[in-house]
Amino acid sequence: MSFGNFARKVRDPALPHGRRVSALHSCVQLYRPIGFQATLSFLQAKAGPFRTDEAALLRALAVLEVSRSTWHAEQRTYAAARRQAKRTGQRSPHPSEPNPYTPAHWYGARQEAALHAVRFWHQQRLAALIADDDKPSQELCEFVQVCLDAGGRLASAQQRLLIRCIDQLTARLQPALWRDDRADYFRTRDLLTVARLLEAASTTNPISTSAGQ
């Protein structure tokens, strides 16, 4: 069933509230830019207790639909840019060019939603992903704590270390790891998810000037 069909069920007052909440969950299955559970948590933070309150349920759907519409608009912009590039001879996109066909962040509230998701991971699962003999995971845990304590800010040096951490985790997440150690593959995948959310959530701390000192 399509997103639109599930959304109509969410709005249908003739259905029991539990079925309407289930329909919202199905919408989130189809559009979950920060992960399924983190997306539901973010919707509750933005809209209120949608599992028990009808008005909050409708607000949650509206928040999700606005983000999804913004994502679709970016897809259309990207498609137009690709058509123009092909006319000028660039048949394939540059490897570094963002591809919006898979949502990589919450469209319309990128930093806010990513920071919420980082906090969600920190509270729910991050500790289980950290290993004593795994320096990237330990560094990532430190960066998460710093970012949350500072309300989403990381120093420029920490930003650079975070990018290095993402590169290390990406290099580790190879088919051979899936073949040899699936538990470590899933752990690495989850660490990389947290690292990329942290990258979207964090800004660089401003550098203090001598003025006013």
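Numbering of residues begins at 1 and proceeds along the displayed sequence.
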Next on the checklist: Go through it in stages, so that I can follow the logic: the residues are Phe42 and Leu115, the test is side-chain contact (heavy atoms from CB on, under 4.5 Å), and I'd like the CA-CA distance, side-chain angles, deciding distance and then a yes or no.
Outcome noted: CA-CA 10 Å; Phe42 185 62; Leu115 187 60; over 6 Å; no
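- By the criterion of side-chain heavy atoms lying less than 4.5 angstrom apart, applied directly or through intervening Ile, Leu, Val, Met, Phe, Trp or Tyr residues, Ile166 is grouped together with Leu198 in one hydrophobic cluster.
- At distances below 3.5 Å, not a single donor-acceptor pair connects side-chain atoms of Ser22 with backbone N or O atoms of Gly18.
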Checklist entry - Can you list the steps and then say if Leu140 with Leu129 is a side-chain contact (heavy atoms from CB on, under 4.5 Å)? => result CA-CA 10 Å; Leu140 178 60; Leu129 303 176; over 6 Å; no
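- Under a 4.0 Å N-O distance rule, the pair Arg110/Glu74 does not qualify as a salt bridge.
- Taking CZ of Arg8 as the reference point, atom CG of Leu61 lies at 11.5 Å (rounded to 0.5 Å).
- The pair Lys9-Asp12 fails the salt-bridge criterion, with no side-chain N (NZ, NE, NH1 or NH2) lying under 4.0 Å from an Asp/Glu carboxylate O.
- More than 12 heavy atoms of other shown residues, nucleotides or ligands fall within 6.0 angstrom of atom CZ in Arg164.
- By the 6.0 Å contact criterion, CG on Asp149 is enclosed, its count of non-hydrogen atoms from other residues, nucleotides or ligands being greater than 12.
- Closest non-hydrogen pair, Leu154 versus Phe143, comes out as CD2-O, 3.7 Å.
- A tilted orientation is assigned to the rings of Tyr107 and Trp71, their planes being inclined by 30° to 60°.
- Using modelled atom types, no side-chain atom of Ser41 and backbone atom of Gln37 make a donor-acceptor pair closer than 3.5 Å.
- In terms of hydrophobic clustering, with Ile, Leu, Val, Met, Phe, Trp and Tyr side chains grouped at heavy-atom distances under 4.5 Å, Trp178 and Leu169 are assigned to a common cluster.
- Note that the CG atom of Leu191 and the CH2 atom of Trp121 stand 8.5 Å from one another [nearest 0.5 Å].
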Item to check | Steps toward side-chain contact (heavy atoms from CB on, under 4.5 Å) verdict (Gln158, Glu139) | outcome: CA-CA 10 Å; Gln158 292 168 327; Glu139 289 181 338; over 6 Å; no
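- Here the closest heavy-atom approach between residue Tyr185 and residue Leu177 is recorded as CA-CD2, 3.7 Å.
- Clustering ILVMFWY residues whenever any of their side-chain heavy atoms sit less than 4.5 angstrom apart, transitively, puts Val194 in the very cluster that holds Phe36.
- In terms of hydrophobic clustering, with Ile, Leu, Val, Met, Phe, Trp and Tyr side chains grouped at heavy-atom distances under 4.5 Å, Val63 and Phe3 are assigned to a common cluster.
- Clustering ILVMFWY residues whenever any of their side-chain heavy atoms sit less than 4.5 angstrom apart, transitively, puts Val10 in a cluster other than the one holding Leu15.
- Aromatic ring centres of Phe120 and His122: separated by at least 6.0 Å.
- Under a 3.5 Å cut-off, the side chain of Gln111 and the backbone N or O of Ala201 do form a donor-acceptor pair.
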